[in-house]
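Quick notes on the structure that follows.
A quick note: this is a predicted structure, and the numbers were derived from the prediction, not measured.
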Amino acid sequence: TAAAQAETGAVDALCATPGPDTLAAARTASAALVAAFGEVELYRFGPAREDNRVERLFFWPDRRGRAFRQGRGVLAQEDETATSPETLTIKSVALQGLPALEFALFGTGSETLAETAGFRCRYAASIARLITAVATAIEAEWRGPFAELMTTAGPDNPAYRSDGEAFQDFLQAAAEQLELIGDHKIRAVIGETPDDARPRLAPFWRADATVAAIIANLEGIDALLTEDVAALLGAEAVMVASARNELGRAQDMLRPLAGDPRGFEAVAGDPQAHRRLVAARYAIDGARGIFAERMPAALGLISGFNSMDGD
C-alpha cells in the first residue's frame with residue numbers, strides 16, 4: 001500500500017512537470033512497487049479473492065496478450081474514462097494493475113512522457129490510484145475481519161474449523177506461488193534451450209523487472225519460515241532449514257541476472273544466464289515439494305484444492 005501511494009505521487013509529479021527526471025522517478029517508484037507486490041503476491045486467498053482483486057492487481061499469465069492489445073487501444077483512442085479510477089475499475093482487468101502500469105510507463109511511445117503531460121500520463125495516474133485503492137482494501141481486511149477469522153478457528157467459524165486449516169492456507173499459498181514461479185515465470189519463458197526462450201511471456205520484461213520480481217516472490221515465501229513454524233514441526237524442524245536453503249540457492253542464482261544491463265530479453269537467450277535460470281528452477285521445485293508435501297504430512301494436514309488449477 002505504501003509503495004502504491006509513493007508511485008501515485010511520483011506519477012502525479014510526472015504529469016505536473018514532465019521531464020527526464022520525473023519520468024525516471026516514476027519508473028523507479030514503479031520498480032519499488034513491483035518488488036513490494038512481489039513479496040505479498042503469494043497471498044491470493046482471503047481478501048485478495050474478493051471483487052477480482054488478484055486479477056485487478058496482477059492480470060498474469062496473459063497468454064493472449066490482452067493487456068498489450070487493450071492498453072494500446074485505450075492509448076490510441078484516448079478513452080478518457082480510463083483516466084478516472086472510478087470508471088477504470090469497471091473496465092477489463094487487463095487495463096488495470098501492475099502490467100498495465102508497466103505498459104504505460106515503459107511501453108512503446110512512453111518516452112513522450114518526458115515531453116508532455118498528455119493522456120498517457122493521466123491513464124498511468126489512474127492505474128496507480130486504483131492499485132492503491134485495491135491494496136488498501138486488502139490490507140484493511142487482513143488487519144481486521146480476516147485476521148479475526150484466521151485466529152478464531154472453530155465449529156462456528158464460517159471459514160476455518162481448525163487452526164490446522166488456517167495454517168494450511170499459508171503452506172498452500174507458498175506452494176502455489178512456487179509453482180507459478182517455476183512453471184510459468186521461468187520454465188515457460190526460457191524453454192529447454194536459450195534458442196527456445198520467449199522472454200516477452202514474462203511479467204515486467206519491458207521494465208526489466210522480471211528477475212527482481214521473482215526474487216521478491218522468494219523473499220516473501222522465506223518470510224513464512226519463522227521460529228514458530230520450526231516449533232510446530234518439532235522433530236521435523238529441519239524442514240525449515242531445508243526450505244530456506246532451497247530458496248536461498250534460487251536467489252543466489254538469480255541475483256546476478258537482476259542487475260544485468262542488457263535487459264531481460266537478452267538475458268533469457270544467453271546460455272550462461274539460461275543455466276542460472278534452470279538451476280534456480282530446480283531449487284524452486286525443491287522448496288515447493290517441502291511446502292506442498294513434506295510440511296503438511298509432518299503436521300497431519302491433507303493437501304487441499306490448488307487454486308492454480310483451472311479457473
Side-chain angles (χ1 to χ4, degrees), residues 34-63 93 97-99 134-135 138 141-142 146 149-150 159-160 163-190 201-204 210-211 213-226 229 232-233 239-240 242-244 246-251 254 277 280-311:
V34 166
F37 171 75
E39 291 192 38
V40 295
E41 184 185 333
L42 72 159
Y43 299 110
R44 290 181 177 79
F45 61 94
R49 299 306 311 173
E50 300 296 324
D51 196 26
N52 293 321
R53 287 171 180 157
V54 171
E55 293 77 16
R56 288 167 61 198
L57 284 177
F58 188 47
F59 179 65
W60 193 88
D62 181 11
R63 295 180 180 88
V93 292
L98 294 165
V134 174
I138 293 174
E141 291 185 29
W142 265 103
F146 193 68
L149 271 179
M150 293 205 85
Y160 299 106
D163 291 333
E165 288 184 7
F167 187 71
Q168 184 160 337
D169 264 1
F170 289 104
L171 296 181
Q172 186 167 308
E176 290 179 4
Q177 183 65 38
L178 289 164
E179 177 183 348
L180 183 66
I181 298 167
D183 290 353
H184 299 279
K185 295 186 179 182
I186 298 180
R187 192 191 311 267
V189 170
I190 67 171
L201 292 180
F204 311 120
T210 299
V211 178
I214 292 174
I215 291 171
N217 290 160
L218 298 173
E219 290 173 343
I221 295 167
D222 185 80
L224 288 174
L225 296 168
T226 65
V229 174
L232 282 174
L233 289 166
M239 274 190 270
V240 168
S242 297
R244 299 198 83 167
E246 297 284 24
L247 294 171
R249 284 201 306 122
Q251 292 178 71
L254 294 170
L277 288 163
R281 191 190 76 207
Y282 284 138
I284 287 164
D285 287 346
R288 176 186 167 195
I290 295 171
F291 279 102
E293 300 168 11
R294 292 176 59 193
M295 280 190 184
L299 294 167
L301 303 173
I302 301 172
S303 295
F305 169 73
N306 185 340
S307 68
M308 299 299 296
D309 294 336
D311 294 332

field: Side chain to side chain, Glu246 and Arg288, heavy atoms closer than 4.5 Å
entry: no
- request: Decide yes or no on ring-ring contact (aromatic ring centres under 6.0 Å, His included) for Phe291 and Phe170, but give the supporting numbers first.
  value: CA-CA 9 Å; Phe291 279 102; Phe170 289 104; over 10 Å; no
task: For residues Asp51 and Arg56, determine if any side-chain heavy atom of one lies less than 4.5 Å from a side-chain heavy atom of the other.
output: yes
task: Would you name the heavy atoms of Ala298 and Met239 that are closest together and state the gap between them?
output: CB-CE, 3.4 Å
- prompt: Minimum heavy-atom separation for Leu224 to Ala174, with atom names?
  reply: CD1-CB, 3.9 Å
For Ala292 against Ala175, the heavy-atom pair lying closest together: CB-CB, 3.7 Å
query: Roughly how far, to the nearest 0.5 Å, is CG of Leu254 from CD1 of Ile186?
result: 5.5 Å
- prompt: Got a donor-acceptor contact below 3.5 angstrom from the Arg53 side chain to the Pro47 backbone?
  reply: yes
task: State the CZ-CG distance between Arg244 and Leu225, to the nearest 0.5 angstrom.
output: 6.0 Å
- prompt: If you look at every heavy atom in Pro99 and Phe59, which pair is closest and at what distance?
  reply: CG-O, 3.9 Å
- prompt: What about Phe58 and Phe204, are their ring centers closer than 6.0 Å?
  reply: yes
- request: Rounded to the nearest 0.5 Å, what's the gap from CG on Asn52 to CG on Leu57? Could you check?
  value: 11.0 Å
- prompt: Just wondering, do Leu232 and Phe167 contact through their side chains at under 4.5 Å, heavy atoms?
  reply: yes
statement: The side chain to side chain contact (heavy atoms under 4.5 Å, CB included) partner of Lys185 among Leu180, Thr210, Leu277, Val211 is Leu180
field: Gap between atom CZ of Arg44 and atom CD1 of Ile138 - 0.5 Å precision
entry: 11.5 Å
task: Show your working on side chain to side chain contact (heavy atoms under 4.5 Å, CB included) between Val34 and Phe37 and close with a plain yes or no.
output: CA-CA 5 Å; Val34 166; Phe37 171 75; 5.9 Å; no
- prompt: Got Met295 and Val240 here, is their nearest side-chain heavy-atom distance under 4.5 Å?
  reply: yes
- prompt: Does the side chain to side chain contact (heavy atoms under 4.5 Å, CB included) test come out yes or no for Ile221 and Leu42, once each step is laid out?
  reply: CA-CA 8 Å; Ile221 295 167; Leu42 72 159; 4.2 Å; yes
message: As an exercise, state the distance from CG of Leu218 to CG of Leu178, rounded to the nearest 0.5 Å.
response: 7.0 Å
- request: Quick one: closest heavy-atom pair of Glu39 and Tyr43, and the distance?
  value: O-CE1, 4.4 Å
- prompt: Which atom pair, heavy atoms only, marks the closest approach of Ala35 to Ala216?
  reply: O-CB, 3.3 Å
Rounded distance [0.5 Å steps], CD in Glu179 versus CG in Asp285: 9.5 Å
field: Student check: side-chain heavy atoms of Met150 and Phe45 closer than 4.5 Å
entry: yes
